[in-house]
Amino acid sequence: MDPTQLVRIEAVHRGFLFQHLYTVQCLLSAAALSAQSIKVESDEDVEMLFEGRRIYIQVKHRKQSLIWNDIESAINRFDELRDAHHRGEREGKPEFLIVSNAVPNDPLYAKLVAVDWPIDVRIDWPSADITARILPAPQSSLMEAAQAANKMAESLPFATLSPETLVWKLAGLVSLAATGDDKGLNHTFQARDLPRLFEQLVLQLQYLPLPPPLYRVQQHEPDLSTGERVRLIVGYSGAGKTSWLAQSAQHAPGAILYLDVADIPGPALANAVARETASRLLRTGHRLGEVFLPGASGREILQLLSRRLAEQGEIVTVALDNIHQLPADDIIGVIQSARDIRFVLLGRPEGEVSSLEAVLGVTREALQGWSADTVAAAAHIEDCQGDVSDCQRLIDLTGGLPLFVLNAISIAKSDYDGSLKRLGIDLARSAHTKEMAQDLILGRVFERLPKIVGEVAELLSLCDAPLKREEAQSYVAAAEGPDQTVFARTLRHLVSQGLLQTFADDRIKLHDAARAVGKGRLLLHGAESVKAQQEALRAVVQKSLLENWHPAKLSLFLRLSGQVGRLDILVEMATEELFHEMGVWPEVEAYLERGAQDAKVPAMQRLKALDGLAFAAMKVNSDRAVLWLDQMDALITAHDLGAEERLRAGMKRMNLLADIGDRQGAMRLVDTLRPIIRDLPLGHQRVFRYNVACAELALGDADAATRLIQPLISEYYELIGLTPAMVMGRNAPDLFPMLRKGVDADDIKHLADSLDVLAKALDALGQPSPFSRIHALKFYDLARAPESLFRVGQDLVDQFVRRHDFDGALNMMETIVLPQLRQWKLADYLVPVRSQYAVVLAYCERYSEAEAEMERLEPYKTSLPPARQSEFESQRNLIEELRTWGPPPKWVPPPGLLERAARLIGRAVSAPDAPGRSGKRKPRRNERCLCGSGKKFKNCHGRQN
């Protein structure tokens, strides 16, 4: 109603934004200029403090020329500031600078060159004399200012983050500092703190999803920075909730942390939020120690963390995605515990979203899709036409969801001469529901891609793990795809269609829905063509694995190796123990079985295939282990294979006999194998001694197993360069840099295995083993052996429960076992671990949470083996009994117990003469050594005497 007022308002906002962008340039150039600090909105728009001098900066943005009236008040303020310096109230020599996007008009320019113009006052504009310029040059427009800041941000060593994203985040932070609300900044950026600030912003932004290259605002889109403590953002699948968050986060002040809670059990949410928030914001060890207090629950940690952040004056927002999959009580508990942390809850309009609204007193804010105007604008860019009714019909058919609207527009462009009307008529004829319309659009958009883009999409459909952009380009080039320039254009096209997902570290992956279409089209080219493309992809993935290992890439590599017939690769991996820890055995088992039975395959490869099959069968107590071992023995005899092969088969059969209680048969094999190992490397000898200890334990002689395993543990500690005392109190990431250079991962795992055997043996002897399993867990983590980690972790939890240390069991579950399950996503352990977690919750008298967790696991029950189903029912019954009768009294450790136990475990595994301390008779010099090496005592441990 008042155009003049609107002009004034717009001018004010342009001025502030121009000022903030110029401040960002000052921040980015502070190191090069040797500045000490940068202030905003203190005595002047910007102040830069140097050693011995201070520059006061007034920033002006004008549509017309700069005139005297624009700066007269600033010149008067400069006089007051200059006088303050002369009186000694301010330190340093003062200098004054007016920065403007506009050229001074003639009268002002005449004043500038007059002899009475103050010598310490300068005016700078884009075309001014650069020889006298000290600070960053001003630009003519807001967009040019942003581009200049982007160029400066490119020089920072953060290749995985868009410079534009960092610039806008910094601009938001400058705006926050100018308000004075952030007491940690108090209008001032210290130059010494800038590198840490840049790194912190980059780390925060990298944890967020990447925004789309061209983001269009949705209807009535919520503003992220409203200051409200709890926000509830709701939209259907594909509505662009994470894209909205990623885009909004670029301009929001304060730290924003993103956590997808879809795979987190509800009761573990508080611990997960506390761990993620603390690890990303409190990055120094002593500060983390102050928050992660021993025995504290997740909610207690959140309370302390929240207070600590409030004391520091930090504004922190935690975004939780997929909250519709969790019980409302768990989310509410987290929010109520962290009273000084802001929350943004993202989810679909289902589950217990209504309960969240009612209890938290918040109103859901919906992402309602694009408006007809936005659809029309997107269509116009693609040279498509349609009136308001055509755009609205498209919204009705797609829900206005950005992904499907873009896909529909691409179909209109390629198949309907740009007519949204004709497209809408066709879709309406064949689409009875919104979901059917979306499926139809997604299939047809793939068919209508430009030929070269479609070919690249088909090639990328073979890859279900994100690859770096250059890796994907190498694969496409090897598969006779387009060159680098064309490839880059195809990626931009696929991104624009919403078919290509982008991740941090410049990684890309075709959207899962698009991959299904692409693979179907790829098969039409014939089996030989597909195999050639699989070979090309396998080579790239193999190289990528060597540079940056990841379970998803390993799984893809193994599948591709089997599909192209590379049995040699599979059998080499199948004989490695660590391979069986990765949860990828189903990917290769069928290929190994075929290879083991193929007479055309070399005998050594067939033996290794059988070895892997036998090892896997023994892990699950399958009767097929005997079949595979019989075939191994037959191959060894028929082809007169070597000592190492006989040792492989012999040790497995020895343990198989021990498991069924056949002591005579197992010990006979021990005697048979001892002469064989004498000429094999020490590593093989240690593995043999370990297996003998396992056999003794299985046969019921825990004392013998303890005598055999203790010196072996000492040897492994020596091999990896650690001691039990060094391990005490440190987690796996802390231990990694302390390992001996070049240490073999197998030795780390063997140490963990040996500690596990010691724990079991001491359990059988009724002796305490408080830290053996805990140390084993750390080494399994270091060795990337998740299956063993889960197995031992569950044993440790059971041990805590048997001792009535229910809080210790819960802490072990929530801090180690469940986070590892979330990381590795091993399907075989999902139900056992989470159902055990439910039982622990019940022991901690959190019955409703325990029952809710079991209810969420109920759909998996029918897919479990009979024994697991029975265990599942027993756990459910136990939870009911605990609710009815209550758990036993909790165990409380007496003072000093843990310290004494630490000293005990240190002595138990570090003494070189541990076998002689068992109370048994020391062997005579010419008798066999008790360690199981097969050597005479005088040539083995007897040397130490």
Kindly say whether [Y] contributes a backbone atom to a donor-acceptor pair with the side chain of [X] at under 3.5 angstrom?
{"X": "R231", "Y": "E365", "value": "no"}
{"X": "Y843", "Y": "P887", "value": "no"}
{"X": "Q836", "Y": "Q794", "value": "yes"}
{"X": "S870", "Y": "P866", "value": "no"}
{"X": "D734", "Y": "N731", "value": "yes"}
{"X": "N691", "Y": "V687", "value": "yes"}
{"X": "D781", "Y": "L777", "value": "no"}
{"X": "K861", "Y": "F872", "value": "no"}

Checklist entry - Salt bridge or not for K241 and D321, using N-O below 4.0 Å? => result no
Checklist entry - Does a salt bridge link E851 with R883, judged by any charged N lying under 4.0 Å from a carboxylate O? => result yes
Can you name the nearest heavy-atom pair linking [X] to [Y], along with the distance?
{"X": "E853", "Y": "G266", "result": "OE1-N, 4.4 Å"}
{"X": "F779", "Y": "A752", "result": "CB-CB, 3.7 Å"}
{"X": "R299", "Y": "S337", "result": "CB-OG, 3.3 Å"}
{"X": "S306", "Y": "R339", "result": "OG-N, 3.4 Å"}
{"X": "R663", "Y": "L699", "result": "NH2-CB, 3.5 Å"}
{"X": "F806", "Y": "V801", "result": "CE2-O, 3.7 Å"}

Checklist entry - What distance do T815 atom OG1 and M813 atom CE have between them, rounded to the nearest 0.5 Å? => result 10.5 Å
Next on the checklist: As an exercise, state the distance from OH of Y690 to CG of L708, rounded to the nearest 0.5 Å.
Outcome noted: 12.5 Å
Next on the checklist: Go through it in stages, so that I can follow the logic: the residues are V353 and I323, the test is side-chain contact (heavy atoms from CB on, under 4.5 Å), and I'd like the CA-CA distance, side-chain angles, deciding distance and then a yes or no.
Outcome noted: CA-CA 8 Å; V353 170; I323 52 95; 4.1 Å; yes
Taking the side chain as every heavy atom from C-beta outward, state whether [X] and [Y] have any pair of such atoms under 4.5 Å apart.
{"X": "R868", "Y": "P832", "value": "yes"}
{"X": "T706", "Y": "Q767", "value": "no"}
{"X": "Y829", "Y": "V817", "value": "no"}
{"X": "Q336", "Y": "Q303", "value": "no"}
{"X": "Q799", "Y": "D805", "value": "no"}
{"X": "L346", "Y": "N322", "value": "no"}
{"X": "F343", "Y": "I331", "value": "no"}
{"X": "D703", "Y": "R707", "value": "yes"}

I'd like a table of donor-acceptor pairs (distance under 3.5 Å, sequence neighbours excluded) in which one partner is a side-chain atom from residues 754-764, with atom names and distances.
| from | atom 1 | to | atom 2 | distance (Å) |
| --- | --- | --- | --- | --- |
| S754 | OG | H750 | O | 2.8 |
| D756 | OD2 | R791 | NH1 | 2.7 |
| D763 | OD1 | S769 | OG | 3.4 |
| D763 | OD2 | R773 | NH1 | 2.9 |
| D763 | OD2 | R773 | NH2 | 2.6 |

Next on the checklist: Tell me whether the count of non-hydrogen atoms from other residues, nucleotides or ligands lying under 6.0 Å of CG in D623 goes above 12.
Outcome noted: no
Next on the checklist: Run the side-chain contact (heavy atoms from CB on, under 4.5 Å) test on I660 and L656 for me, step by step, so that the C-alpha distance in whole Å, both residues' side-chain angles and the decisive distance to 0.1 Å come before the verdict.
Outcome noted: CA-CA 7 Å; I660 62 175; L656 203 61; 5.8 Å; no
Checklist entry - Under the salt bridge (Lys or Arg N to Asp or Glu O under 4.0 Å) test, which residues partner R307, sequence neighbours left out? => result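 Here no residue qualifies.
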Item to check | Non-neighbouring partners of E357 that pass salt bridge (Lys or Arg N to Asp or Glu O under 4.0 Å), sequence neighbours left out | outcome: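 Here the qualifying residues are R364.
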Item to check | CA sep, side-chain torsions, deciding dist, call: L326, L320, side-chain contact (heavy atoms from CB on, under 4.5 Å) | outcome: CA-CA 11 Å; L326 292 182; L320 304 180; over 6 Å; no
Checklist entry - Given K619 and E787, is the salt bridge (charged side-chain N to carboxylate O under 4.0 Å, His left out) satisfied, shown in steps? => result CA-CA 11 Å; K619 283 183 64 177; E787 285 205 356; 2.6 Å; yes
Item to check | Audit row: R308, E311, salt bridge (charged side-chain N to carboxylate O under 4.0 Å, His left out) steps and yes/no | outcome: CA-CA 5 Å; R308 190 63 47 83; E311 292 168 1; 3.8 Å; yes
Next on the checklist: Run Y837 and L810 through side-chain contact (heavy atoms from CB on, under 4.5 Å) and show every step you take.
Outcome noted: CA-CA 7 Å; Y837 176 52; L810 186 65; 3.6 Å; yes
